[in-house]
Novice: 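If you scroll down you'll find the structure; I have some questions about it.
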Amino acid sequence: MAVLQKIRNRGILLVSAIAIALFLFVIGDLLRGGEGLVNQSRQTVGEINGKKVSIQEFQSQLEDFQVYQEITQQRSGSSEEENNQAKDMAWQNFIQNKLVESECAKLGITVTDAEVAEAVQAGASQLLQVPLFQNPQTRQFDYSQVQNFLTEYQKLKEAGTQVPETYEKIYKYYMFAQKQIRNQLLMSKYQSLLSACVLSNPVEAKNNFAQRTTESDILLVSLPFSTVDDKDVNVSDEEIAQRYQKDQERFTTLAESRDIKMIDVAVTASEADRKALEETMKGASQQLAEAGDNTAAGNVTRRETSLLPYTDIYKTLQALPPMIANRLDGDSATIQVGETTVPSYDEMTNTYTTFKLLGKTQQADSVLYRQMAVIATDEKEAATRADSIIGALRAGANFKDIAQKYNQSGDSAWIYSAQFQQSTLDADNTAFVNALYSMQAGETRKLTFTNGNTVILKVDATRHPVTKYNVAAVIRELKFSDDTYSDQYNKFSSFIAANPTFQQIEENAEKNGYTVTPLPNVANSQHNIANISNTRDAIKWIFDEAKVGAVSQLYECGNNDHLLIVSLTDVNKAGVQPLEKVKDNIRTQLLSEKKAEKLMANLSKAKTIDAAKKVTGAVVDTLNHVAFANPTFVPATTSSEPMISALAAKTAKGAISTPVKGNAGVFMLQVLDKTTNEAEKYDAKTEQQQLEASNMRYVGQSILNTLYLKAKVKDQRYKFF
């Protein structure tokens, strides 16, 4: 009883302890789960229809596309731009496939394995039209090539041996092609369903044919909107609001974006850097002038790390940089053989150049030659055999017959200047080119390379003699020094520190030599800001951390030659943009419409072309080959004007049209002549099919855009790439 009484007395304490223990247990589990959720969030690259897309899933797709690029372009390694293109292609393909898969699942549309296999066997996809899967003789897709590869690949896998990297890439490409073919077949079925709703008819087909094949020559009178001053027309806020409500679909965006303002400082060479390089170039020029032979001149270019490596051959003007070629030929061609130019600066390339003209000659542009290797056990035997072969050739023996005795073809081949003159040649290739281009037609010569190998050369013919030049040049880019970079960095940092808010930055930027640039609608799918490379950290800040009005840290970006700060000015959600964001665009549109009304009233009074020409601000042009199928470019307004094409098509020869409003002006025309392309024959069935295909492309894209909006796609690739 005493124990029970003690429990009763301490009941509140016990209940509290248990409650606390339970709370700690639950909150601990939540925290662990929360950590899991955070980690999951960190692995999410996007979202479609509420389903998260993991970075691993997309990375697999991206790797497939990179293999696709490598196989189809037959080279490894890509530039930054090509890598970005692969990322975008992979993402767009991924999203489109997911959207179509979702719709097809609702409609019961599927693609079977048998359909994919049939398409692969037939080579029905462009993805299979690669050399890997082609018959070597016919250059056409050959399914047996695919089967042979798969059999060999499987044998290697089953044997447990190391599969060559090339085989793995080919296999990965083949699996990628199969997946893409499945997606293509599904898309084709989906489009076939949609195409049943997109029809044409014989009347439309006939009109379309006539509009495409009939052209008009017209006399056009233009009254550009710019002839009416903005202050002479009034657009009210009420009118803007009404237009906004009417045309909201025009102001719908597929993805959210950000408006920012930025200061980009492109670090450039200082005057001290310029003077230092000028001194260096004067020294290089002096060294070239003092060089006693071509080898010494070439050594100067190497020591001075010239952007134009020296090769001791003669080159055409086309192979030389413009700043050199212009001094060798043309009005400013004053340099003679043996002379060296003083250093000069070229603003277009931001380089200094000095060069020495080592030689000038007339040489063939192309040479037809034969060669055979001299097969021997040592150099002495090679020299004896080479002399014997040359003696036989000079005595009238046939080059090809001798070559075939040594299991060589001896066939002739052309070599062209363009094949080698912009390459950096080693000593052997330099000797080979110089030998060929110094020989006459019918001449035979022995050439021994640095490794001791000997070849016999014979020139059969030479063509197109041109002037060529042997030039040793030192070309150096004007770059900023480390000190210059530090100075500009410190100056910009001090400016930012002295102006902590972006309002202060804007107010004081110009007087400190900086320019604030507004940049609207920055999307997180962009790979950089304002085409400045290595700005991903800035994009992440804009989308993940920044609040409106905040100023970023100072980013060192570009190719280590840009300093950047940004400020977030607005967040643009996906969907219909707010009125304030599009107000100026609507005002501009309404201004144009009201200007058009004024100009139409003026032009409507003119009953003849001569009267129209006299209207204030009128510009007259004669335009030829105006067809309905193509928008007409109007010089007076520097705009593309589809209405003029339509107006010309419906106006009879010799007749004068009524005034019409275009994109940038009001127009009236007279048709001077009409012609029809008689070579193209009308085929109603083909014309209807073309119209349906054209309409289907428009409808298909519109549907995909709608699906994209409904799916509420989120693109967060910027967090990873």
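Please read all numbers here as calculations on a predicted model, not as lab measurements.
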Novice: When rounded to the nearest 0.5 angstrom, what distance separates OG1 in Thr658 from CE in Met600?
Specialist: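 Thr658 OG1 to Met600 CE: 7.0 Å, rounded to 0.5 Å.
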Novice: Hey, is the main chain of Gln137 close enough, under 3.5 Å, to the side chain of Asn135 for a donor-acceptor pair?
Specialist: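 Indeed, once roles are kept as given, a pair shorter than 3.5 Å links the two residues.
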Novice: How about Phe141: does its CZ atom have over 12 heavy atoms from other parts shown lying under 6.0 Å from it?
Specialist: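 For Phe141, atom CZ is crowded (more than 12 foreign heavy atoms under 6.0 Å).
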Novice: Considering only NZ, NE, NH1 and NH2 on the basic side and carboxylate oxygens on the acidic side, decide whether Lys155 and Glu158 come within less than 4.0 Å.
Specialist: no
Novice: Do Val566 and Trp541 have side chains that get closer than 4.5 Å, going by heavy atoms?
Specialist: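 Side-chain contact under 4.5 Å: yes.
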Novice: Could you check whether Glu545 pairs with Lys547 (Lys NZ or Arg NE/NH1/NH2 to Asp/Glu carboxylate O, under 4.0 Å)?
Specialist: no
Novice: When you compare the side chain of Val576 with that of Thr253, does any pair of heavy atoms fall below 4.5 Å?
Specialist: no
Novice: If you measure from the Lys or Arg side-chain nitrogens to the Asp or Glu carboxylate oxygens, is any gap between Glu239 and Arg243 under 4.0 Å?
Specialist: no
Novice: From Glu238 CD over to Ser236 OG, what is the distance, rounded to the nearest 0.5 angstrom?
Specialist: 5.5 Å
Novice: For Tyr171 and Val163: C-alpha separation, side-chain torsions, deciding distance, then whether side-chain contact (heavy atoms from CB on, under 4.5 Å) applies.
Specialist: CA-CA 11 Å; Tyr171 183 75; Val163 178; over 6 Å; no
Novice: For the pair Lys594 (side chain) and Gln589 (backbone), establish whether a donor and an acceptor sit closer than 3.5 Å, ignoring hydrogens and angles.
Specialist: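 Here the side-chain-to-backbone pair does not exist.
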Novice: Out of curiosity, Lys172 NZ to Glu165 CD, how far, rounded to the nearest 0.5 Å?
Specialist: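 So the gap between those two atoms works out to 11.0 Å.
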Novice: When you check the side-chain N and O atoms of Asp544 and Tyr718, is any donor under 3.5 Å from an acceptor?
Specialist: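 Result is yes, a qualifying pair exists.
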Novice: May I have the step-by-step check of side-chain contact (heavy atoms from CB on, under 4.5 Å) for Asn97 and Met187, ending in yes or no?
Specialist: CA-CA 8 Å; Asn97 289 339; Met187 174 63 84; 5.9 Å; no
Novice: What's the spacing between Gln553 CD and Leu564 CG if we round to 0.5 Å?
Specialist: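 Reported to 0.5 Å precision, the distance equals 10.0 Å.
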Novice: Closest approach of Ala177 and Leu128, non-hydrogen atoms and distance?
Specialist: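 Heavy atoms only, the tightest pair is CB-CD2, 4.3 Å.
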Novice: Just how far is it from atom CG of Asn585 to atom CG of Asp247, taken to the nearest 0.5 Å?
Specialist: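 The CG atom of Asn585 sits 12.0 Å away from the CG atom of Asp247.
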Novice: Between Asp64 and Tyr173, is a side chain to side chain donor-acceptor pair (under 3.5 Å) present by the stated rule, with each step listed?
Specialist: CA-CA 7 Å; Asp64 286 344; Tyr173 177 82; over 6 Å; no
Novice: Applying side-chain contact (heavy atoms from CB on, under 4.5 Å) to Asp264 and Thr517, what does each step give before you reach the verdict?
Specialist: CA-CA 8 Å; Asp264 167 39; Thr517 304; over 6 Å; no
Novice: Do the two ring centres, one from Phe58 and one from Phe720, sit under 6.0 Å apart?
Specialist: no
Novice: Should the heavy atoms of other residues, nucleotides or ligands under 6.0 Å from CD of Glu249 be counted, would the total exceed 12?
Specialist: no
Novice: Between Thr632 and Ser645, is a side chain to side chain donor-acceptor pair (under 3.5 Å) present by the stated rule, with each step listed?
Specialist: CA-CA 6 Å; Thr632 301; Ser645 302; 2.8 Å; yes
Novice: Mind checking whether Asp715 and Val45 have side chains closer than 4.5 Å, heavy atoms only?
Specialist: no
Novice: Whether the side chain of Thr112 engages the backbone of Glu115 through a donor-acceptor N/O pair (distance < 3.5 Å, no angle test) should be reported.
Specialist: yes
Novice: To check you understand the geometry: which heavy-atom pair defines the closest contact between Val666 and Pro659, and what is its length?
Specialist: CG1-CB, 4.3 Å
Novice: Considering residues at least two apart in sequence or located in another chain, which fulfil the side-chain hydrogen bond (donor to acceptor under 3.5 Å, both in side chains) criterion with Asp113?
Specialist: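 Partners of Asp113 under the side-chain hydrogen bond (donor to acceptor under 3.5 Å, both in side chains) test: Arg182.
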Novice: Any non-hydrogen side-chain atom of Glu47 less than 4.5 Å from a side-chain atom of Val713?
Specialist: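 Not in contact.
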Novice: So, Gln96 side chain and Asn93 main chain: donor-acceptor pair closer than 3.5 Å or not?
Specialist: no
Novice: Going by heavy atoms in the side chains, are Ser592 and Lys595 under 4.5 Å from each other?
Specialist: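 Not in contact.
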Novice: Indicate yes or no: at least one non-hydrogen side-chain atom of Phe667 is less than 4.5 angstrom from one of Met643.
Specialist: no
Novice: For the backbone of Val551 and the side chain of Ser567, can you confirm whether one donor and one acceptor N or O come within less than 3.5 Å of each other?
Specialist: no
Novice: Does Ser216 use its side chain to pair, donor to acceptor, with the backbone of Val671 at less than 3.5 Å?
Specialist: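 Looks like no, no N/O pair under 3.5 Å.
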Novice: Would Asn572 and Ser257 count as having a side-chain donor-acceptor pair, cut-off 3.5 Å?
Specialist: yes
Novice: Any donor and acceptor pair, going by atom type alone, linking the side chain of Asp570 with main-chain N or O of Ile260 inside 3.5 Å?
Specialist: no
Novice: So, does Gln526 use its side chain to make a donor-acceptor pair with the main chain of Asn528 at under 3.5 Å?
Specialist: yes
Novice: Applying side chain to side chain donor-acceptor pair (under 3.5 Å), run through His625 and Asp217 and close with a yes or a no.
Specialist: CA-CA 6 Å; His625 308 296; Asp217 295 339; 4.7 Å; no
Novice: Taking all heavy atoms of Glu101 and all of Leu186, pick out the closest pair and write down the distance.
Specialist: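 Minimum heavy-atom contact is CG-CD2, 3.8 Å.
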Novice: Ignoring hydrogens and geometry beyond distance, is a side-chain donor-acceptor pair present between Gln140 and Gln134 at under 3.5 Å?
Specialist: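 No.
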Novice: Between Thr252 (side chain only) and Gln248 (backbone N and O only), is there a donor and an acceptor less than 3.5 Å apart?
Specialist: yes
Novice: Please state whether the rings of Tyr174 and Phe133 are parallel, tilted or perpendicular, taking 30° and 60° as the class boundaries.
Specialist: perpendicular
Novice: Indicate yes or no: at least one non-hydrogen side-chain atom of Val626 is less than 4.5 angstrom from one of Glu215.
Specialist: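 No - every pair of side-chain heavy atoms lies 4.5 Å or more apart.
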Novice: Apply side chain to side chain donor-acceptor pair (under 3.5 Å) to the pair Asp88 and His527, showing each step before the final yes or no.
Specialist: CA-CA 10 Å; Asp88 291 340; His527 300 288; 2.9 Å; yes
Novice: Within this structure, what is the NZ-OG1 distance for the pair Lys674 and Thr651, rounded to the nearest 0.5 Å?
Specialist: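 Going from NZ on Lys674 over to OG1 on Thr651, the span is 6.5 Å.
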Novice: Between Phe65 and Phe176, does the ring-ring contact (aromatic ring centres under 6.0 Å, His included) criterion hold? Intermediate values first, please.
Specialist: CA-CA 8 Å; Phe65 265 85; Phe176 166 72; 5.3 Å; yes
Novice: For Ala664 and Glu641, work out which heavy atoms get closest and say how close.
Specialist: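 What the structure gives for the nearest pair is N-OE2, 3.0 Å.
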Novice: Would you check if the distance from the ring center of Phe149 to the ring center of Tyr167 is below 6.0 Å?
Specialist: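 Here the rings of Tyr167 and Phe149 have centres that are less than 6.0 Å from each other.
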Novice: Which heavy atom of Leu99 sits nearest to which heavy atom of Ala711, and what is that distance?
Specialist: CD2-CB, 3.5 Å
Novice: Does any pair with a residue in residues 182-218 pass ring-ring contact (aromatic ring centres under 6.0 Å, His included), and if so which ones, sequence neighbours excluded?
Specialist: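 Matches after skipping sequence neighbours: Phe209-Tyr682.
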Novice: Is the backbone N or O of Ile532 less than 3.5 Å from a side-chain atom of Thr535, with the two atoms forming a donor-acceptor pair by type?
Specialist: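 The answer is yes, because a donor-acceptor pair under 3.5 Å joins these two groups.
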Novice: Would you say Val120 and Tyr143 make side-chain contact, with heavy atoms under 4.5 Å?
Specialist: yes
Novice: Salt-bridge test for Asp237 and Arg587: reply yes if a basic N is under 4.0 Å from a carboxylate O, no otherwise.
Specialist: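 Result for this pair is yes, salt bridge flagged.
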Novice: Which atom names give the shortest non-hydrogen contact between Ile181 and Ser125, and what distance separates them?
Specialist: CG1-CB, 3.6 Å
Novice: Using the side-chain contact (heavy atoms from CB on, under 4.5 Å) rule, take Asn624 and Ile218 through it: C-alpha gap first, then chi angles, then the decisive distance, then the call.
Specialist: CA-CA 6 Å; Asn624 299 319; Ile218 64 172; over 6 Å; no
Novice: I'd like to know if the side chain of Thr44 pairs up with that of Gln716 as donor and acceptor (distance under 3.5 Å, no hydrogens or angles considered).
Specialist: no
